[in-house]
Amino acid sequence: MLRTIAAFDRIGEENAFAVLARATDLAAKGRDIINLGIGQPDFRTPDHIVEAAIKALRDGHHGYTPATGILPLREAVAADLGNRLKVEVSPSEVMIMPGGKPTMFMSILMFGEPGVDILYPDPGFPIYRSMIEFTGARPVPVPIREENGFAFSAEETLKLITPQTRLLIVNSPANPTGGVTPKSEVDKLVAGLARFPDVAVMSDEIYDHMVYDGEAHVCLLSYPEIRDRVILLNGWSKTYAMTGWRLGYAIWPGKLYDCARKLAVNLHSCVNAASQYAGIAALTGPQDDVDRMVAAFDARRKVVTEGLNKLPGVFCATPKGAFYAFPNISKTGWKAKALASALLEEAGVAVIGGPDFGVLGEGYIRLSYANSTENILKALDRMGEFLASRKAG
Ligand code: PLP
């Protein structure tokens, strides 16, 4: 009998993929399913980006690249961070990654081991906790509360830090809540971190373009006092509608860069070359498509929030970022996962139960509004009919 390591009893998954599989299965059987489950833009990758990848392959860029990524792409990332967020980054600090997830995988692997604490947001992206558990480290949830507009609280976060804490994971704009932590709160966190010089911070900023109501995104790299211990996770998946290209980047401070480079050499060698050339076109080409997509998400955000607040027993705080709404459904009488499952099976609307993002997700469901306004309105109608006619199960 094969005996794999015990850590596989602890590793988790991302239920959004299971819901996607079930929704696809039901659709294949002829059911009309509206998918508000998976978090991926419903737009096509802009043409000039696709063309750049095709050209790269035609030009013969189909071999290995350096493990850290091709230099023009690393330069483009550094220039983008400088122009857009006024963050000074050298191309030698940029590593091209096969998507956003590998940066969390590697950072957690770098710090996680038995006896160590890693702090992560709850509700939050499920892979954080999954990977922390995999390494044997202790997962310490940082509560993300509706009454704080789903921003993290600096005070609450700092109180959870112990001598065992090695890594703090933060995510703003956030999945699954759409919360954006205001600059004043980030300032407080950074000031408090001065007391804990051995704690690294992994800042997941993959939704940094999707901040609404005229707010500016706050990048953790813009704080010189913690610059030598911030890992930045970002990528192309959400901003440029490129989830399937598997293209992301990390900024690794100090010796972590070499740790990550070694992991890359051991794991994936390099990111596929055509995707990297596409990444250059995305960052250096026209940004009109990004503006158009973000404006569409913003308009749908209003539609989804307004519609959800009209449903019986549902309250939805207006999300400030990303493309998720996280309505409170506790007054419907339903448990969140039971509601998500019944909505899919009976009403043909795929959403994700809040507990799939952590224990504090009970009482909430997540809707991704990366879908057409027409579909969102249809889904809201179906949810309204369902909640009015069906007793909580
Ligand atoms: N970080 C957050 C907060 C996300 O929501 C996601 C994807 O849903 C990722 C990272 C992963 O992005 P990628 O698909 O580029 O691996």
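Residue numbers start at 1 and run along the sequence shown. Counting convention: from 1, in listed order, for ligands and their atoms alike.
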inquiry  = Between ligand 1 and S237, is the shortest N or O to N or O distance under 3.5 Å?
reply    = yes
query = Which atoms of ligand 1 have any heavy atom of R246 under 4.0 Å away?
reply = 13 (P), 14 (O), 15 (O), 16 (O)
task = For W236 and ligand 1, answer yes if some heavy atom of the residue is under 4.0 Å from a ligand atom, otherwise no.
result = no
task = Assert yes or no for the condition that the ring centre distance of F150 to F326 is strictly below 6.0 Å.
result = yes
ask   = Looking at K320 and D213, does any basic side-chain N land under 4.0 Å from a carboxylate oxygen?
value = no
inquiry  = Tell me the nearest of D204, L247, N175 to atom 2 (C) of ligand 1, using heavy-atom distances.
reply    = D204
query = With only distance considered, is K101 within less than 3.5 Å of ligand 1 through an N or O on each side?
reply = yes
Protein contact of atom 9 (C) of ligand 1 - nearest heavy atom, named by residue and atom, plus distance = F125 CZ, 3.9 Å
query = Any N/O of G100 closer than 3.5 Å to an N/O of ligand 1?
reply = yes
task = Would you check if there is a donor-acceptor pair between the side chains of T65 and Q276 at a distance under 3.5 Å?
result = yes
query = Are Y364 and F357 close enough that their ring centres sit under 6.0 Å apart?
reply = no
query = Have Y128 and E133 got a donor and an acceptor in their side chains that come within less than 3.5 Å?
reply = no
ask   = Closer than 4.0 angstrom: is that true for some heavy atom of Q40 and an atom of ligand 1?
value = no
ask   = For M95, does its backbone N or O pair with a side-chain atom of R74 as donor and acceptor, under 3.5 Å?
value = no
request  = For M104, take its heavy atoms, then give the atoms of ligand 1 lying under 4.0 Å from any of them.
outcome  = 1 (N), 10 (C)
remark   = For G99, the ligand 1 atoms with a heavy-atom partner under 4.0 Å come out as 15 (O), 16 (O)
Residue pair R300 / N371, side-chain donor-acceptor N/O under 3.5 Å = no
request  = Write out the residue and atom name of the closest protein heavy atom to atom 12 (O) of ligand 1, then the distance separating them to 0.1 Å.
outcome  = I206 CD1, 3.6 Å
ask   = Any cation-pi pair here, R229 with F196, using under 6.0 Å and within 45°?
value = no
ask   = Can you find a non-hydrogen atom of N171 under 4.0 Å from ligand 1?
value = yes
key: N or O pair under 3.5 Å between K238 and ligand 1   = yes
key: D42 side chain reached by F297 side chain, heavy atoms, under 4.5 Å   = yes
